[in-house]
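Okay, structure first, notes after.
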Amino acid sequence: MTQFISVIGYPLKHSVSPDFQQAALDHYKLDIRYEAREIKAADLLSAINQLRQPQNLGANITVPYKKAVLPLIDEVDDFAGLVGAVNTIVNRDGKLVGFNTDAYGFLRALRDDARFKPENKRAIVLGAGGAARAVGFALLQERISSLTIANRTMAKAVSLASSLANHAVNNKISTEIAAVPWQSSKLTEAVENCQLIVNCTSLGMKGSPYEEESPLVSDLIPKDALVYDLVYNPLETPLLRIAREAGANTIGGLPMLVYQGAASFELWTDREAPLDIMLPAARQALTKIGG
Ligand code: ATR
């Protein structure tokens with residue numbers, strides 16, 4: 001019996017997950033198809049319920065449903081619950097269990113590709129959506145010394161900062177956490193004194209209305225900082241370009257995308273993710289769609 005895994009989101013035309021996940025499944029000659037399913041909000045519940053059928057191994061969940069699926073599944077693992085976002089669902093005999101592998105992907109790329117150690121460093125997180133939440137908790141877990149959140153909608157930055165601060169207190173983590181207004185002098189000051197800047201907004205993303213935009217201007221970016229853009233299409237976003245020109249180190253979102261997918265692959269198949277197959281397949285798919 002052919003089995004299925006899907007990625008559920010809306011819209012989905014730029015997803016490269018089907019390409020690199022299918023390449024990994026084919027590498028092991030598994031009779032499993034990985035399919036993109038563009039689902040409208042009104043059909044989300046029935047799409048999730050279908051995942052309980054025995055031929056379905058599970059799904060990746062992407063924008064805009066990472067939060068919305070929490071009440072629709074049977075169990076949420078601790079870290080996904082903490083982040084409040086699920087990007088992976090596993091069908092365990094009709095019971096749907098949710099995980100969040102974004103933080104794992106983020107930290108693995110930070111460690112293995114950017115060679116950056118967060119302990120005792122100061123970081124800025126731009127954005128306060130699902131991706132920013134995963135990044136914030138990941139950095140806290142790695143004992144970053146200070147974390148400043150800036151977001152266009154200030155209330156969301158404040159709310160993320162307060163969840164992070166509660167978690168820090170409950171777990172005896174001494175990270176200093178602050179929310180600052182978007183494009184403010186407080187943000188400028190924090191940027192000037194940081195070692196890591198992570199863009200978790202969609203600014204610079206191909207196909208968005210903001211694809212030419214960068215969340216920061218070049219003269220703000222410290223030369224010795226690492227600038228990490230979660231956007232993976234294009235491979236070099238406007239932010240990464242100005243950061244490179246300013247002399248900073250940079251990393252784009254592609255390694256994180258593949259590592260989070262690799263962790264999902266291992267949850268569905270119990271096999272080691274073949275990264276040497278997945279990374280080039282993701283790169284090739286991006287080139288095909290003009291990344
Ligand atoms: P994800 O799951 O990828 O985090 P999201 O939850 O929709 O997606 O979050 C998108 C992030 O990009 C938010 O922080 C959003 O800011 P708001 O909370 O103010 O909406 C940010 N964002 C999107 N468009 C933006 C823009 N034009 N300028 C600044 N920030 C933007």
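For ligands, and for the atoms within them, numbers begin at 1 and follow the listed sequence. Keep in mind that what you see is a predicted model, and the values were worked out from it rather than measured.
For ligand 1, residues of the protein lying within 4.0 angstrom by heavy-atom distance are Val63, Gly127, Ala128, Gly129, Gly130, Ala131, Asn151, Arg152, Thr153, Lys156, Trp182, Cys200, Thr201, Ser202, Leu203, Tyr210.
Aromatic rings of Phe106 and Tyr259 (six-membered ring for Trp) have centroids beyond the 6.0 Å cut-off, not under it.
Between the side chains of Asn87 and Thr101, a donor-acceptor pair is found at a separation under 3.5 Å.
Applying the salt bridge (Lys or Arg N to Asp or Glu O under 4.0 Å) test to residues at least two apart or on different chains, none of the pairs has a partner in residues 20-40.
Glu266 and Arg271 are not joined by a salt bridge, as no carboxylate oxygen comes within less than 4.0 angstrom of a charged side-chain nitrogen. A salt bridge does not link Asp113 with Arg108: none of the charged nitrogens is closer than 4.0 Å to a carboxylate oxygen.
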- Message: Would Asn60 and Tyr34 count as a side chain to side chain donor-acceptor pair (under 3.5 Å) here? Give the steps.
- Response: CA-CA 10 Å; Asn60 274 135; Tyr34 187 102; 2.6 Å; yes
